[in-house]
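Take a look at the structure below.
Values reported hereafter were calculated over all heavy atoms of this structure, with side chains retained and with hydrogens, waters and symmetry mates removed. Small disclaimer: the values here were computed from a predicted structure and weren't measured. The chains referred to below are lettered A, B, ... by the order of the sequence lines, with proteins before strands, and numbering in each begins at 1.
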There are 2 protein chains.
Amino acid sequence: MQRKKEEKRKTILDAAEKLIAEDGFRDMTMDQVAKDADVAKGTVYLYFKNKNSLCAAVNARINKELNQVIKEKMDLYQTGLEKVVASGTATVEFCLKNMQKWKAITELYQMKFKDPEDPNVKEFLYEVNNMVQMMANGYRQGIKEGTIREDLDPVPTAIFNRMAFSNAITPTTEQNMLLKMNNINMQHYAGVAGELIGRSTRKDLLNAEDMKKNIKKTYENLEKDL
Amino acid sequence: MQRKKEEKRKTILDAAEKLIAEDGFRDMTMDQVAKDADVAKGTVYLYFKNKNSLCAAVNARINKELNQVIKEKMDLYQTGLEKVVASGTATVEFCLKNMQKWKAITELYQMKFKDPEDPNVKEFLYEVNNMVQMMANGYRQGIKEGTIREDLDPVPTAIFNRMAFSNAITPTTEQNMLLKMNNINMQHYAGVAGELIGRSTRKDLLNAEDMKKNIKKTYENLEKDL
DNA sequence: AGTCATTAATGACTTTTGGTCATATATAAT
DNA sequence: ATTATATATGACCAAAAGTCATTAATGACT
């Protein structure tokens, strides 16, 4: 019984994730989620308090997966700088391998999760904070090892860079329009942005190529979709 | 007659701007806009095609004002780096003097303007692009003068930094929650983020204090509101 | 197997809100 | 004064979030 419930929850999440990736959470309707998940609308509300909570749950699930991938990749390396770069590489890889999921979290990036009591919102925040802490630890280690600027405060830097990195891979619609107006393709933007992020944190200014290349690689695949 | 139409349009824009600043564009209802502007709902739709277009018009108007302020400030200085710093200072000043307008554009930052044919969307993009070009020119000049990194591509850098700077002053709700979880206040975040932005573009790493201070100053006032 | 209690599922219904349109009013032209 | 045009209105419609009385399924206990 518990098993079946778990599965039905997953089915609903799957349907929601797909719809969010396709049209954004604004255009995702609860009726369509119900239809795609082969349940009645009331059932969706049995599993998720409201649309906001459902979106938070989708967001939590994807970020959990992403964290897993990032953690595994980071664990392959020893130095702080390597780990930080690895977190970027892992994110790009995740984006390439799970386009739907990546599209969904970037769409959800614009969402306001107002209710901090909602367990799904809590779980989502827990996951995001987890990633921030992983990055912050990478910075701390890099600082000790002398490869990352020592005057940098790890946690707020991680909070900022997480956003910045995500933006490098997937600019906002506004930015996309600006890029179009100026005939700049997304790969190039990703490269420039990645470079800026790297420059701001790294101590040695050489070897900026890694991060840049990673993000560029993403775009060769991602642009087909758009 | 033309005069009266112009004024009514302004009244509607004022009402919308206020509501967006208060609750975000999602919670702004066209009924409330009509009520606050003392016109019938149909009249609002006479002046603005739809909600999206109204929001775009609000966004265009504020960005136009902001550009004005930025341009004036930049014109006071000679060197590229000074101009770039001035654009930041002007933005912070604008934010301090026009909290409602600043709140509104940061809320509107999350909006998707889908219809590129809409004249209000066009005007909005025109203004934003204008600002990007001003910043890019500052970078170009700074590169020539040797104060800004020469390997930096001005336009995409401006597109990225405009977003980054705005985020430094006003983090997303998600980031705000993370900051809260980690007991980091917004001033500190603004300082860290401003520093990162400065570091990524400036050639000489000294004198990072300017940009940092500017953003920090913002927060002393802004936090009262929140 | 049959009865009953509890849990899960349903979809018709309500409410909210973006958007429309037939009608009414004001303004300008003749 | 009359007509034509522009402006304004709010009742109405449709879409979508969210509710709830009713029904169906499940499992425990005789």
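- Nearest heavy-atom pair, Ile20(A) versus Cys55(A), reported as atom, atom and distance to 0.1 Å: CD1-SG, 4.1 Å.
- With rounding to whole Å, Arg26(A) atom CZ is found 15 Å from dG18(C) atom C1'.
- The nearest whole Å value for the distance from the NZ atom in Lys5(B) to the P atom in dT5(D) is 16 Å.
- Counting only distance, with no hydrogens or angles, the side chain of Asn50(B) and the backbone of Ser53(B) share a donor-acceptor pair below 3.5 Å.
- Mapping Gly42(A) and Thr29(A) onto DNA chain D via the closest heavy atom, the residue that lands nearer the 5' end is Thr29(A).
- One interatomic measurement links the two molecules: CE of Met28(B) to C1' of dG18(C), which rounds to 10 Å at whole-angstrom precision.
- Closest to the Lys51(A) side chain, of the nucleotides dG18(D), dT20(C), dT17(C), is dG18(D).
- Distance, Leu19(A) CG to dA16(D) P: 12 Å, rounded to whole Å.
- Each of dT9(D), dA16(D), dT10(C) was ranked by its minimum atom distance to the side chain of Thr43(A); first place goes to dT10(C).
- You'll find that the side chain of Tyr45(A) is closest to dT19(D), out of dA16(D), dG10(D), dT19(D).
- With respect to Lys112(A) and Asp27(B), no salt bridge is recorded, no charged nitrogen being found less than 4.0 Å from a carboxylate O.
- Atoms NZ (Lys41(B)) and P (dA8(D)) sit 18 Å apart, rounded to a whole Å.
- Residue Leu46(B) places its side chain closer to dT7(D) than to any other of dT7(D), dG10(D), dG18(D).
- Across all strands, Tyr47(A) comes closer than 4.0 Å only to sugar-phosphate atoms, never to a base (heavy-atom distances).
- In this structure, Asp31(B) atom CG and dT20(C) atom P are separated by 14 Å, rounded to whole Å.
- Residue Phe25(B) contributes atom CZ, which lies 15 Å from atom C1' of dT17(C) at whole-angstrom precision.
- Between Phe94(B) and Trp102(B), the angle of the ring planes goes over 60°, which puts this pair in the perpendicular group of the 30/60° scheme.
- In this entry the distance linking CD of Glu7(B) with P of dT7(D) reads 15 Å, nearest Å.
- You'll find that the side chain of Lys8(A) is closest to dA9(C), out of dA9(C), dA17(D), dG19(C).
- When Glu123(A), Glu127(A), Glu17(A) are each tested for a salt bridge (charged side-chain N to carboxylate O under 4.0 Å, His left out) with Arg61(A), only one passes: Glu17(A).
- Under the Watson-Crick and G-U wobble criteria, each requiring two contacts below 3.5 Å, nucleotide dT16(C) is paired to dA15(D).
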